[in-house]
Structure formats: structure tokens, C-alpha cells
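Following: one structure in C-alpha cells, then a few remarks.
Atom set for the values below is all heavy atoms of this structure, side chains included, hydrogens, waters and symmetry mates excluded. Remember, it's 1-based here, ligands and their atoms both numbered in the order they're listed.
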Amino acid sequence: MGFLQRHHLLLLVLVHSILFLSYQVQSLDEKQNLLQGLNSYRASLNLSALTENSNADCFADELASQFKNQPCSNTTGADTVPGTEPQLSNYPDLLAKCQLNITDTRDGALMPVCVPNLDPDLVLTNYTETQYTQYLNESTYIGAGIGAEGNWMVVVLSTNTMGGAFTPAVNVASLFFDVGLAQNLMPLLLVFILVLLS
Ligand SMILES: *[C@@H]1O[C@H](CO)[C@@H](O)[C@H](O)[C@H]1NC(C)=O
Ligand SMILES: *[C@@H]1O[C@H](CO)[C@@H](O)[C@H](O)[C@H]1NC(C)=O
Ligand SMILES: *[C@@H]1O[C@H](CO)[C@@H](O)[C@H](O)[C@H]1NC(C)=O
Ligand SMILES: *[C@@H]1O[C@H](CO)[C@@H](O)[C@H](O)[C@H]1NC(C)=O
Ligand SMILES: *[C@@H]1O[C@H](CO)[C@@H](O)[C@H](O)[C@H]1NC(C)=O
């Protein structure tokens, strides 16, 4: 490869890195804003602030990237109509990517919303003025992870109980080789469906 091509390649990589970084920063801002908004809402109900849970964060990101290609409609996100919830068959893979174990996540609440361009005010009210309030209104949830991709934002709430702390599994490999995987997955899928149903 000649010097000029390599030079161009480097420049291209640099430009992409800068774009990627600025996108990351912007997305970080969106998440921080939302967390602040959710915590103001919690404060107005005299509930403790949600603290950032990095494993829930990771899982929220994985979920958001699953949703990102779906267009917003009046039947997605916070407006999901009972019986039409998205079924994510690759849950085990998504959990594994975050070194999570189903037994540590089944009590969590998963709350996806779809808002064009993630308008901050609409994103917040999609949590504080919809079916999701019943979860934000719960003192059992103490932590939150937030993921954003495209028009989708996903908030994952964690608890301080064994079943919802989102602490990484000690034995991640067992997630792959467990023959009873489908059975183990049911609780989380159920939570997911309940969240969307209610
Ligand atoms: C929150 O607590 C304050 C002081 O303890 C009380 O005056 C207020 O009514 C409470 N608000 C709610 C929504 O419980
Ligand atoms: C969603 O929007 C369509 C039209 O775009 C309308 O026919 C339908 O009734 C709406 N559904 C709900 C649940 O609002
Ligand atoms: C939720 O977001 C949608 C945009 O996808 C918006 O039309 C709707 O008004 C929002 N709902 C609330 C309660 O803010
Ligand atoms: C939150 O929960 C409390 C007690 O369960 C209830 O009195 C209150 O109306 C709820 N608030 C909202 C905004 O859902
Ligand atoms: C999750 O971890 C617990 C112990 O931390 C273990 O007993 C259980 O078998 C694990 N489950 C899966 C599906 O890996």
C-alpha cells in the first residue's frame, strides 16, 4: 500500500473515530438527561433516586440494538398493545454478551420506547405518563440501565434482590450449555411480556 493510500486510510479512520466518539457523547448525554428526568419524577413521589447499574446498562444497549430497525408506531414501545409484544428469541445471547445470568435478571423491568429522533421531552413523558409509571413508582427498583439506538430508548430497572440485581453470572459458560435454557428463560420473557401488557 502506497504512502498516499495509507494516509487516506488513516484519515478515514480518524474521521470515523471522531464521528463515532461524538455520537457516543451525544448518546451519553441523552441517557444522563433521561436518568435525571426519571429521578426527578421519583423524587416527586418521595422515592430514592435510581443509580446507574452498568450491567443493566449493557443489557439495555443490547435490547436497543435489537429494536433499532423497527419503525415507531402507535403499537410499539410504550404504546404496545397486549398480545403483540416483540418476541426476542435471542435473549440468551443478549444476556451472555453482558455476562448476565437469567437468575439475576428475572425481577428486572424492561421498558422500550420509540420516539422519533429521541426527542428528550417526549422520551421522558413516554416513561412518566404511560403504562411504565407503575414500575417507576416502585420502591423495589433501585437501579437503572439505559440504552439508546436510532429512535429507540430502553430502560432496564434493577432491584437489590437476588433475582434482579443484574450481577454478572459466575459461570457464564453454563448459560450456553444448559439444556434447560428455555425453561430458565421463561421468567424473564414473562416479566418482559408483563411489562408490555400492563
Ligand atoms: C413527600 O414527603 C414530604 C415531606 O416528608 C411530604 O410533605 C410530601 O407530601 C410527600 N409527597 C409524597 C408524594 O408522598
Ligand atoms: C393506530 O393508528 C392507526 C392509523 O394510523 C389507527 O387506525 C389505529 O386505530 C391506531 N391504534 C391505536 C391503538 O391507537
Ligand atoms: C410517546 O412518544 C410518541 C412518539 O413516538 C409520542 O407521539 C407520544 O405523544 C408520546 N407519549 C407520551 C405520553 O408522551
Ligand atoms: C404511585 O404509587 C402510589 C402507591 O402505590 C399511589 O398512591 C400513587 O397514585 C402512584 N402514583 C402514580 C403517579 O402512579
Ligand atoms: C446462574 O447462576 C446461578 C448461581 O449464581 C446458578 O446456580 C445458575 O445455574 C445459573 N444459571 C444459568 C442459566 O447459568
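- Distances below 4.0 Å separate heavy atoms of Pro116 from the following atoms of ligand 3: 4 (C), 5 (O).
- Inter-residue side-chain proximity for Asn101 and Leu95 is flagged as unmet; no heavy-atom pair is nearer than 4.5 Å.
- Interatomic distance, OG1 of Thr167 versus CG of Asp104, reported as 4.0 Å (0.5 Å rounding).
- To the nearest 0.5 angstrom, Glu138 atom CD is 11.0 Å from Thr159 atom OG1.
- Less than 4.0 angstrom separates some heavy atom of Val115 from each of these atoms of ligand 3: 2 (O), 5 (O).
- Residue Thr130 places no N or O, backbone or side chain, under 3.5 Å from any N or O of ligand 3.
- Contact annotation for atom 4 (C) of ligand 1: protein absent (non-hydrogen atoms, distance under 4.0 Å).
- Here the CG-CG distance, from Asn33 to Leu118, works out to 11.5 Å after rounding to the nearest 0.5 Å.
- When each atom of ligand 1 is checked for a heavy atom of Ser44 under 4.0 Å away, the hits are 13 (C).
- Between Asp61 and Lys97 there is no salt bridge, since none of the side-chain N atoms of the basic residue sits less than 4.0 Å from a carboxylate O of the acidic one.
- Less than 4.0 angstrom separates some heavy atom of Asn126 from each of these atoms of ligand 3: 1 (C), 2 (O), 3 (C), 8 (C), 10 (C), 11 (N), 12 (C), 14 (O).
- Between the OH atom in Tyr41 and the CG atom in Leu50 there is a gap of 11.5 Å [rounded to 0.5 Å].
- Without hydrogens or angle criteria, Asp119 side chain to Leu122 main chain gives a donor-acceptor distance under 3.5 Å.
- Annotation: Cys114 places an N or O atom under 3.5 Å from an N or O atom of ligand 3; distance criterion only.
- Within 4.0 Å of atom 1 (C) of ligand 2, at least one protein heavy atom is present.
- Distances between N or O atoms of Thr125 and those of ligand 3 include at least one value under 3.5 Å.
- Shortest contact from atom 10 (C) of ligand 2 to any protein heavy atom: Asn74 ND2, 2.3 Å.
- The closest protein non-hydrogen atom to atom 9 (O) of ligand 3 is Leu122 CD2, 4.1 Å.
- Closest protein heavy atom to atom 8 (C) of ligand 1: Asn46 ND2, 3.8 Å.
- In this structure, the side chains of Phe59 and Thr105 stay at 4.5 Å or more apart for every pair of heavy atoms.
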